[in-house]
S.K.: 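My structure is below; once you've seen it, I'll send some questions.
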Amino acid sequence: MIVLDCETVGTMYESVESITGINRSDLEAFFSDFDMDKFYEENPDFYESGDGLLLLKIREMEKCNIQQIDAVNWFHLTRTYKGNSFNQGILSLGEGINHIWDILYELQKGHVSKEEWDDFRHNKFVESKSHSAWLYHLKLGDKFHWGPYAMLVREIAFVSEEVGNHDYLDAPEIVEDICHVFDGMYHCNLLERFRMETYPCIVKFQSNQSKDYYLGIVLNFLYYQYHGMEMSLHCNTCFDGKGESVTFEQILKVEFI
């Protein structure tokens, strides 16, 4: 079975070789010789981004013999309590939202009562006109936003600012939304409490969903990494569960950072 695994630079080169037949030394020789910036300067009408360009160039190599990818390993980024084994899988937002509220209630204990918390969740939060409340209702109200989501390239987890991503290891977006509204109403930095009691976590899982352009994404990351360039959005792509949770059986590893 051919698996695309982007856990490390080494596994990425191994994956590319299993998919294309091109080994690391030959690929690095190509990276050394190919000047992407010069190509775009000389071909102003070429509209594809670097991942598409490199995939095109690799296909032209004599040794290239692209095989179908059978499975892809993904990296779900989150922050959670130590010891979470994800025995229910990686839940979609719709399935996991009650658990998130329960965790935050426990973290704020001593600040508001259970009755006040329930009033906050079911009344005051619903009526709030804040931007964070609007974002929360936008995400929760449409299954399109339920995920769960994951990164193709593990290393992207640590360069979120560089590529313009949210830092999911710092806090999930939905947690930030709730905490910001709570802080505004009750003057309690619940988000800081959440960060203090939880740990950044990467959950590696496998899916049999694959697309041809994934290979180009990996080649683009490796090209950038080889030349020591600042990473871009085209050095990664994301998994979208489309509202369907990732099962426990799909999970390969739970890693606390």
S.K.: Describe, in one word, how the ring planes of Phe256 and Tyr199 are oriented to each other, choosing from parallel (under 30°), tilted (30 to 60°) and perpendicular (over 60°).
M.R.: perpendicular
S.K.: For the residue pair Arg79 and Pro200, what are the closest heavy atoms and their distance?
M.R.: NH1-CD, 3.5 Å
S.K.: Is a side-chain donor or acceptor of Asp183 paired with a backbone partner of Cys188 at a separation under 3.5 angstrom?
M.R.: yes
S.K.: Does Glu60, at its CD atom, have more than 12 non-hydrogen atoms belonging to other residues, nucleotides or ligands within less than 6.0 Å?
M.R.: yes
S.K.: So Ile156 and Leu77, do their side chains get closer than 4.5 Å, heavy atoms only?
M.R.: no
S.K.: Under the side chain to side chain contact (heavy atoms under 4.5 Å, CB included) rule, what do His111 and Phe182 come out as? Steps first, then yes or no, please.
M.R.: CA-CA 11 Å; His111 199 82; Phe182 187 77; 4.2 Å; yes
S.K.: What I'd like to find out is whether the side chain of Glu28 reaches to under 4.5 Å of the side chain of Tyr13, using heavy atoms alone.
M.R.: yes
S.K.: Tell me, do Leu104 and Cys179 make a side-chain contact under 4.5 Å, heavy atoms counted?
M.R.: yes
S.K.: Hey, is CZ on Phe144 packed in by over 12 heavy atoms from elsewhere, all under 6.0 Å?
M.R.: no
S.K.: Let me check something: do Tyr168 and Leu138 share a hydrophobic cluster, defined by ILVMFWY side-chain heavy atoms less than 4.5 Å apart, either directly or through other members?
M.R.: no
S.K.: Side chain to side chain contact (heavy atoms under 4.5 Å, CB included) for Glu192 and Arg195? Distances and angles first, verdict last.
M.R.: CA-CA 5 Å; Glu192 186 59 28; Arg195 291 188 180 117; 3.8 Å; yes
S.K.: Taking all non-hydrogen atoms of both residues into account, name the closest pair between Ser92 and Pro148 and its distance.
M.R.: CA-CD, 3.9 Å
S.K.: With Gln206, which of Asp70, Ile251, Asn73 fulfils side chain to side chain contact (heavy atoms under 4.5 Å, CB included)?
M.R.: Asn73
S.K.: Classify the angle between the aromatic ring planes of His131 and Trp134 as parallel (below 30°), tilted (30 to 60°) or perpendicular (above 60°).
M.R.: parallel
S.K.: Hey, does Val181 have a side-chain heavy atom less than 4.5 Å from the side chain of Lys124?
M.R.: no
S.K.: Hey, does the side chain of Gln250 reach the backbone of Phe205 with a donor-acceptor pair shorter than 3.5 angstrom?
M.R.: no
S.K.: Group every Ile, Leu, Val, Met, Phe, Trp and Tyr by side-chain heavy-atom contacts under 4.5 Å, then state whether Val218 and Ile19 land in the same group.
M.R.: yes
S.K.: Please say yes or no: joined through hydrophobic side-chain contacts below 4.5 Å, possibly via intermediate residues, are Val16 and Ile69 part of one cluster?
M.R.: yes
S.K.: Evaluate Ile103 against Glu106 for side chain to side chain contact (heavy atoms under 4.5 Å, CB included), listing each step before the verdict.
M.R.: CA-CA 5 Å; Ile103 289 174; Glu106 292 296 325; 6.0 Å; no
S.K.: Is any side-chain heavy atom of Ile174 less than 4.5 Å from a side-chain heavy atom of Leu140?
M.R.: no
S.K.: Give a yes or no on whether the ring-centroid distance for Trp101 and Phe120 is below 6.0 angstrom.
M.R.: yes
S.K.: Looking only at atom types and distance, does a side-chain atom of Thr20 sit under 3.5 Å from a main-chain N or O of Cys64, one as donor and one as acceptor?
M.R.: no
S.K.: Take a 6.0 Å sphere around CE of Met1 and say whether it holds more than 12 heavy atoms from other residues, nucleotides or ligands.
M.R.: yes
S.K.: Could you tell me whether Asp102 atom CG has more than 12 heavy atoms of other residues or ligands within 6.0 Å of it?
M.R.: yes
S.K.: In this structure, would Val159 and Met151 fall into the same cluster of hydrophobic residues linked by side-chain contacts under 4.5 Å?
M.R.: yes
S.K.: With side chains defined as the heavy atoms from C-beta onward, is the minimum distance between Leu54 and Phe30 less than 4.5 Å?
M.R.: yes
S.K.: Are the ring centres of His137 and Phe125 closer than 6.0 Å?
M.R.: yes
S.K.: Between Tyr224 and Ser232, what is the shortest heavy-atom contact and its length?
M.R.: OH-OG, 3.8 Å
S.K.: Whether the side chain of Glu7 engages the backbone of Thr11 through a donor-acceptor N/O pair (distance < 3.5 Å, no angle test) should be reported.
M.R.: no
S.K.: Which pair of non-hydrogen atoms, one from Pro172 and one from His166, has the smallest distance, and what is that distance?
M.R.: C-NE2, 4.1 Å
S.K.: Surrounding CD of Gln67 (heavy atoms of other residues, nucleotides or ligands, distance under 6.0 Å), is the total greater than 12?
M.R.: yes
S.K.: Any ion pair linking Glu197 and Arg193 (charged N to carboxylate O, less than 4.0 Å)?
M.R.: no
S.K.: Please work out whether the ring planes of Tyr223 and His227 are parallel, tilted or perpendicular, with thresholds of 30° and 60°.
M.R.: tilted
S.K.: Any side-chain heavy atom of Phe158 sitting closer than 4.5 Å to one from Leu169?
M.R.: yes
S.K.: Is it possible for you to say whether Ile202 and Ile90 belong to one hydrophobic cluster, with membership spreading through side-chain heavy-atom contacts below 4.5 Å?
M.R.: yes
S.K.: Around atom CD of Gln68, are there more than 12 heavy atoms of other residues, nucleotides or ligands at under 6.0 Å?
M.R.: no
S.K.: Assess, by modelled atom type and distance only, whether the side chains of Thr78 and Thr80 contain a donor and an acceptor separated by less than 3.5 Å.
M.R.: no
S.K.: Should Tyr136 and Ile97 count as side-chain neighbours, where that means a heavy-atom distance under 4.5 Å?
M.R.: yes
S.K.: Just by modelled atom types, is the Val153 backbone N or O under 3.5 Å from a matching donor or acceptor in the Asn236 side chain?
M.R.: yes
S.K.: Quick one: closest heavy-atom pair of Val126 and Arg121, and the distance?
M.R.: CG2-O, 3.8 Å
S.K.: Would you say Gln88 has more than 12 foreign heavy atoms packed within less than 6.0 Å of its CD?
M.R.: no
S.K.: Looking only at heavy atoms, what is the nearest atom pair of Ala150 and Trp74, with distance?
M.R.: CB-CB, 3.8 Å
S.K.: Does Glu41 come within less than 4.0 Å of Lys38, counting only side-chain N to carboxylate O?
M.R.: no
